Asks: 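Structure in structure tokens, see below.
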Amino acid sequence: MAETVLGFDGVSKRFGGIHALSALSFEVRAGEILGVIGPNGAGKSVMINVASGVYAADEGRIVHRGRDITRLNAHQRGRAGIARTFQNIRLFKRMTVLENVLVADKTHTVRPFGSLLSFGRRREEIAAALAELDRMRLADKADQLAGTLAYGDARRLEIARALAGKPSVLFLDEPAAGMNERETEELLADIRACRSRLDAIVVVEHDMALLRVLSDRLVAMNYGQLLAEGTPDIVLAHPEVVSAYLGTQDG
Amino acid sequence: MIADHIMFTGVNVLLAWSVYVILLSGSVSFANGAFMAIGGYGAGVLTTKFGLPLVAGIPIAALGTAAFGMIIGLPALRTRGIYLILVTTGIAFCVKNAIEAIPYVGGVRGMRGLVGAEPWHVWVVAGVVGLLLWLLSRTPLQRILDAVREDELVARSLGINTVYVKVIAFGTGAALAAVAGGLYAHYMYVINPEHFGILVSVYVVLYVILGGVNNLWGPPLGAAVMTLLPELIRGLQAWRPIVFGVVIVILLLVRPEGLLPFRSPTARAKEARRG
């Protein structure tokens, strides 16, 4: 069995009386694309926020490559290699497309004031950022303001920006939301193309058809709990998953 | 009289940049009048009571003010928007009242015997600060600051310690205001807490907003216009404050982004590609 890159171990998160995550345990394995499905309100986005340190877990542990990262805050998780995109695309709209990728360069995110003392290496940084844009088919839009991008381009720029920090695990929060069939097809190809540069990719979606073709394994969630974990065929045939989606066991 | 205008315009240019530096990281400060006071009084104590030369007194006072700014910035910068305005306004009130209550620095009567600053000193300092800010605008740090200002949550997810960046920016702004205060005090000969009231802080923020918040040259332009405009309309006598107020309102309506606009997309793109 492949090594575990990221593990959720009994992670709980409450907001007042609401149990957003209840003792959630699952693992992300090396080299895989893991799909996370669940109906609206299942806790998928909360899971990403807890994984990326936006929210602190109330209970449980999150282990990344053998290191307990439960207590790390958001920027420390970013440095540790946990990258993410956002359900409602969040770009630096007043910066250019190229700048959105440049700003994620680890040299400067880790030592923001270091650039005051060193003037070297800029050309390499720009070349690396342009290559990143090229891989996401955005090189010709590098000089536009990010706020002027079309929806699909904005989605891919967000992924390019997340990849620019050379992360270990990338969380994609509903990347295909709002896309038509052709755009979705292209996005699938783009996601597959970047998997070799990462330890693992976790894709949160409620489009089951998409995850069936994209994912190596699936995790199904509902009410903040794990319903099933395994290959897409097994998880999607699981009675509890079927009932969570169709609302009835007999359906 | 002319010397006064040159001096006060220079001081206000420095103050405008002190607010601009904090705004770069996305925070707004209504406490810079207080930082100016700490710089003025701190440098004043060092020159009059300890006999230090002004060139030593002002940097030491500025470093002390930066430390003070960062210590209060650490909790204060956890708030945003209207709450940060309230917190920094509170700081401005507290500092003024604290100075009034300290007999060692003259209390409400003020401190006297402060000499040594000339208008050209201020403009040399302003020139150096302007040059440093221009150099900064050409480094990757500018982009980091832009990112923190635009979306703090995303900046953190990219690995940027946004609290650290904001606290350093706040401390730098405090130090700049302190330098302005030190020079101002040693030009005035006598200072009292009224010179550093809340209105000073409000005016400085106004300079920056009128000049343009996302452009290095906007704040000094705003400061110069706002310092000299009241003098230009001196003939209006009692009507002066009203006309001044109306001009400000019209400017904000006509040019909501300030006299100087945001950096153009083409300029941004060119700058980003510069190796």
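Below, chain A is the first sequence line, B the second, and so on; all start at residue 1. As the structure is a computational prediction, the values presented were derived from the model and not from experiment. What's counted below: heavy atoms across the whole structure, side chains too, no hydrogens, waters or symmetry copies.
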Asks: For Tyr151(A), does the OH atom have more than 12 heavy-atom neighbours from other residues, nucleotides or ligands under 6.0 Å away?
Replies: yes

Asks: Of all heavy-atom pairs between Leu141(B) and Ser115(A), which one has the smallest distance, and what is that distance?
Replies: N-OG, 3.2 Å

Asks: Do Phe86(A) and Leu153(B) come within less than 4.5 Å of each other through their side chains, counting heavy atoms only?
Replies: yes

Asks: Could you tell me which portion of Arg90(A) (side chain, backbone, both or neither) has an atom closer than 4.5 angstrom to a non-hydrogen atom of chain B?
Replies: both

Asks: Compare every heavy atom of Val165(B) with every heavy atom of Pro112(A), then report the nearest pair and how far apart it is.
Replies: CG-CG2, 3.8 Å

Asks: Under 4.5 Å between any side-chain heavy atoms of Leu158(B) and Lys106(A), yes or no?
Replies: no

Asks: Within the supplied structure, the quantity of interest is the number of heavy atoms (other residues, nucleotides, ligands) at a distance under 6.0 Å from Arg138(B) CZ; does it exceed 12?
Replies: yes

Asks: Are Arg94(A) and Glu150(B) close enough for a salt bridge, meaning some N to O gap below 4.0 Å?
Replies: no

Asks: With the side chain counted from C-beta on, respond yes when His75(A) and Asn161(B) share a heavy-atom pair under 4.5 Å apart, and no when they do not.
Replies: yes

Asks: Has Arg78(B) got more than 12 heavy atoms of other residues, nucleotides or ligands less than 6.0 Å from its CZ?
Replies: no

Asks: Regarding Arg273(B) and Asp143(A), does a basic nitrogen lie under 4.0 Å from an acidic carboxylate oxygen?
Replies: yes

Asks: Might you point out which heavy atoms bring Gly159(B) and Arg79(A) nearest each other, and give the distance in Å?
Replies: O-NE, 2.7 Å

Asks: How long is the straight-line distance from CD1 of Ile48(A) back to OG of Ser157(B), given to the nearest 0.5 Å?
Replies: 11.5 Å

Asks: Which atom names give the shortest non-hydrogen contact between Ala147(B) and Val103(A), and what distance separates them?
Replies: CB-CG2, 3.8 Å

Asks: Do Met95(A) and Arg143(B) come close enough that some side-chain heavy atom pair is under 4.5 Å?
Replies: yes

Asks: Checking Ile82(A) against chain B: side chain, backbone, both or neither under 4.5 Å from a heavy atom?
Replies: backbone

Asks: Can you tell me which portion of Arg111(A) sits under 4.5 Å from chain B's heavy atoms? Options are side chain, backbone, both or neither.
Replies: neither

Asks: Of the listed residues (Leu136(B), Thr162(B), Thr266(B), Ile168(B)), which shares the most heavy-atom pairs with chain A below a 4.5 Å separation?
Replies: Ile168(B)

Asks: Does the pair Phe92(A) and Asp146(B) meet the rule for a side chain to side chain contact (heavy atoms under 4.5 Å, CB included), with working shown?
Replies: CA-CA 8 Å; Phe92(A) 302 119; Asp146(B) 290 343; over 6 Å; no

Asks: Does the side chain of Lys93(A) come within less than 4.5 Å of Asp151(B)'s, by heavy atoms?
Replies: no

